[in-house]
Number of protein chains: 2
Amino acid sequence: MGTTQLQTVPEPKYWHLKTVIGEALDSEFAVGEILPNERDLAARFGVARATLRQALEQLELEGRLQRRRGVGTTVAPPRVGVAVEGSRAHSWPGARGDVWQPAGCERGSAPAAVADLLDSEEPVHVVRRTRVSHGRPVAAELLYVPVSSVAELSSIDGPSGPGRARAVLRELQRLGLEGEDRSVELGSASADDARELDRLPGAPVLVVTTRFFAEGRTAAVAVATYRADTCRLTFGDTPHVEIDHRQERRAS
Amino acid sequence: MGTTQLQTVPEPKYWHLKTVIGEALDSEFAVGEILPNERDLAARFGVARATLRQALEQLELEGRLQRRRGVGTTVAPPRVGVAVEGSRAHSWPGARGDVWQPAGCERGSAPAAVADLLDSEEPVHVVRRTRVSHGRPVAAELLYVPVSSVAELSSIDGPSGPGRARAVLRELQRLGLEGEDRSVELGSASADDARELDRLPGAPVLVVTTRFFAEGRTAAVAVATYRADTCRLTFGDTPHVEIDHRQERRAS
DNA sequence: TAGTGGTCTAGACCACACT
DNA sequence: GTGTGGTCTAGACCACTAA
């Protein structure tokens, strides 16, 4: 009765599990190592598989685990730092040392959210690009370019492949870039993005939206989705060194 | 046999549900409106509650729903754009129009990941700050300042409250700021963060890590966690206008 | 074909916020 | 108290990968 049990808060099992497994990852596992399967792990900890999965989902969200259907659960390498260009030195997509690979280009209309940013409902070229780091795809981008921004091109109706994508980017360079604007938010992968990023639909992604200003208006909008599990976005002149939350142990 | 049923992929129920409910949010619900409870919704769609919850979790992750235990599920307002300062104009924390509120200050040792960035194992002042936007807490920050960065202060052993936090920040201003470095990644709220952000532990957050350079070394490191459900981080001179995510459809 | 993670069910109880 | 979302269980079947 009188016992002031201030905070006997029953910590959720999955939260405790996450902590325990997280610590085990630090001390007993190397990067790339395969964990026991979910049914075994659940039995070992005396919980239902669903509960165990809740813990694993958290760890995957934090980039410490990687799970693949039909394969198993492995210890993920530290997140890779990915530089988001233009934080200080503005440049058009496709310029000089651009790390993005043009993948295709189609014509269509911008989704409502993008049309708002473009302040226009006019048709757009939609340039698809992908970004690869350390041999793995890390981001997929859709670049929306109003046809009026690259008027010279409008007569050309070639195939909608990488060639056309490059042509649109080339035309874009001719505009004087006056500034950029960027935002980052959490999203979930669309079916298209998921395919390009080698993830399941709904996987968490970091959505980087960039507005390019030229000739007094928004000349283009880029929506890039980065794999949230494997990427750390870096800004500024001096890229971060690798951050490692574990003890560095080599996989073999 | 010969039928190339390329993609008769049975779309998961929760994915389909997410789409259906998402569209209903666009057309039939106003911001702040309360949805039917989970049991009713599950029954209405003819699925188990767990399946319905998977869909709601996705929508919450995308910032379109807000769920509170004991209350219900409401339609979330569009994400608020939160400016991350210093993308171009560098300044110390606590300077001029800093939007952060000092909450406390303690001494301790930096966690391993931060110690790596500081290139030092020495004791640090840990300044706690919070950030409020539109009357709601949106971010919690821990600012790690090695004692040697604010040597003048080391003799003062006052109470570890907001006053001391301000004192540390004041000392910091005296150093010449040479540059900053910033990274953004996905994380999950610690128990502490969760309390300050009015969320449950494990809630998704955007972790912004900032390094401050002065006198040829890393003079301080700030780790800020923003509510991923309600925030859109903006960089650059011109903050984004409100982005509305409804109709998130691909151009085709 | 065997083994993995992904999806789904139909329950149960708990912590919390209101009234 | 009543109703809400949060946690947990013990199953089942499916989709995928690799031997």
Side-chain angles (χ1 to χ4, degrees), chain A residues 5-19 21 33-61 65-76 188-189 191 194-195 198-204 229, chain B residues 5-19 21 33-61 65-76 188-189 191 194-195 198-204 229:
Chain A
Q5 57 175 72
L6 275 171
Q7 289 285 59
T8 317
V9 178
E11 189 178 50
K13 279 189 186 177
Y14 78 89
W15 184 261
H16 184 239
L17 263 182
K18 178 200 147 190
T19 307
I21 298 177
E33 199 168 333
I34 304 179
L35 268 61
N37 72 53
E38 297 183 348
R39 291 163 179 86
D40 285 354
L41 276 179
R44 179 175 314 184
F45 288 109
V47 300
R49 189 176 157 220
T51 305
L52 185 272
R53 278 179 60 82
Q54 248 186 300
L56 296 187
E57 269 152 29
Q58 280 260 351
L59 290 167
E60 191 179 30
L61 197 76
L65 287 180
Q66 193 165 341
R67 300 193 286 172
R68 275 180 307 172
R69 171 156 47 182
V71 178
T73 301
T74 58
V75 180
S188 52
R195 203 177 327 103
D198 190 26
R199 298 254 57 196
L200 290 177
D229 56 342
Chain B
Q5 57 174 72
L6 276 172
Q7 292 283 58
T8 316
V9 179
E11 188 178 53
K13 280 188 186 178
Y14 78 89
W15 186 260
H16 183 240
L17 263 183
K18 178 200 147 188
T19 307
I21 298 177
E33 200 167 336
I34 304 180
L35 267 64
N37 72 53
E38 297 182 348
R39 290 162 180 86
D40 285 353
L41 277 179
R44 178 176 314 185
F45 288 110
V47 299
R49 189 178 158 217
T51 305
L52 184 272
R53 278 178 60 81
Q54 248 185 301
L56 296 187
E57 269 152 28
Q58 280 260 349
L59 290 167
E60 192 180 28
L61 198 76
L65 287 181
Q66 193 165 342
R67 299 193 288 171
R68 275 179 306 172
R69 169 155 50 178
V71 179
T73 302
T74 58
V75 180
S188 53
R195 202 178 327 106
D198 191 24
R199 299 253 58 194
L200 290 177
D229 56 342

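Quick note: numbers below take in every heavy atom, side chains included, and nothing from hydrogens, waters or symmetry partners. Labels below follow one simple rule: chain letters A, B, ... track the order of the sequence lines, proteins then strands, and each chain is numbered from 1.
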R49(A) atom CZ, neighbour heavy-atom count above 12 within 6.0 Å: yes

D198(B) atom CG, neighbour heavy-atom count above 12 within 6.0 Å: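 No, the 6.0 Å shell around CG holds no more than 12 heavy atoms from other groups.
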
Atom pair CD/CG of Q58(B) and L56(B) - distance to nearest 0.5 Å: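 Answer for the CD-CG pair, Q58(B) versus L56(B), is 10.5 Å.
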
Qualifying residues under salt bridge (Lys or Arg N to Asp or Glu O under 4.0 Å), relative to E33(B), sequence neighbours excluded: none

Using the 3.5 Å cut-off, write out each protein N or O paired with an N or O of nucleotides 4-8 of chain D and the distance between them.
residue	atom	partner	partner atom	Å
dT4(D)	OP1	N37(B)	ND2	2.7
dT4(D)	OP2	N37(B)	ND2	3.0
dT4(D)	O2	G70(B)	N	3.0
dG5(D)	OP1	T73(B)	N	3.4
dG5(D)	OP1	T73(B)	OG1	3.1
dG5(D)	OP2	E38(B)	N	2.9
dG5(D)	N7	R39(B)	NH1	3.1
dG5(D)	N7	R49(B)	NH2	3.4
dG5(D)	O6	R39(B)	NH2	3.0
dG6(D)	OP2	R53(B)	NH1	2.8
dG6(D)	OP2	R53(B)	NH2	3.4
dG6(D)	OP2	R67(B)	NH1	3.4
dG6(D)	N7	R49(B)	NH2	2.7
dG6(D)	O6	R49(B)	NH1	3.0
dT7(D)	OP1	Y14(A)	OH	2.9
dC8(D)	OP1	K13(A)	N	2.2
dC8(D)	OP2	Y14(A)	N	3.2

Secondary-structure string, 5' to 3', Watson-Crick or G-U under 3.5 Å, | for another-strand partners, for DNA chain C: ||||||||||||||||||.

L52(B): which of E38(B), R44(B), K18(B), K13(B) passes side chain to side chain contact (heavy atoms under 4.5 Å, CB included):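 Answer to the side chain to side chain contact (heavy atoms under 4.5 Å, CB included) test with L52(B) among E38(B), R44(B), K18(B), K13(B): E38(B).
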
Option among L35(A), V75(A), T19(A), L65(A) that satisfies the side chain to side chain contact (heavy atoms under 4.5 Å, CB included) test with L59(A):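 Testing L59(A) for a side chain to side chain contact (heavy atoms under 4.5 Å, CB included) against L35(A), V75(A), T19(A), L65(A) leaves exactly one candidate, L65(A).
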
Working for side-chain contact (heavy atoms from CB on, under 4.5 Å), residues E57(A) and R67(A): CA-CA 9 Å; E57(A) 269 152 29; R67(A) 300 193 286 172; 3.0 Å; yes

Evaluation steps, side-chain contact (heavy atoms from CB on, under 4.5 Å), between L41(A) and T73(A): CA-CA 11 Å; L41(A) 276 179; T73(A) 301; over 6 Å; no

Whole angstrom value for the distance that separates P of dG3(D) from CG of L41(B): 17 Å

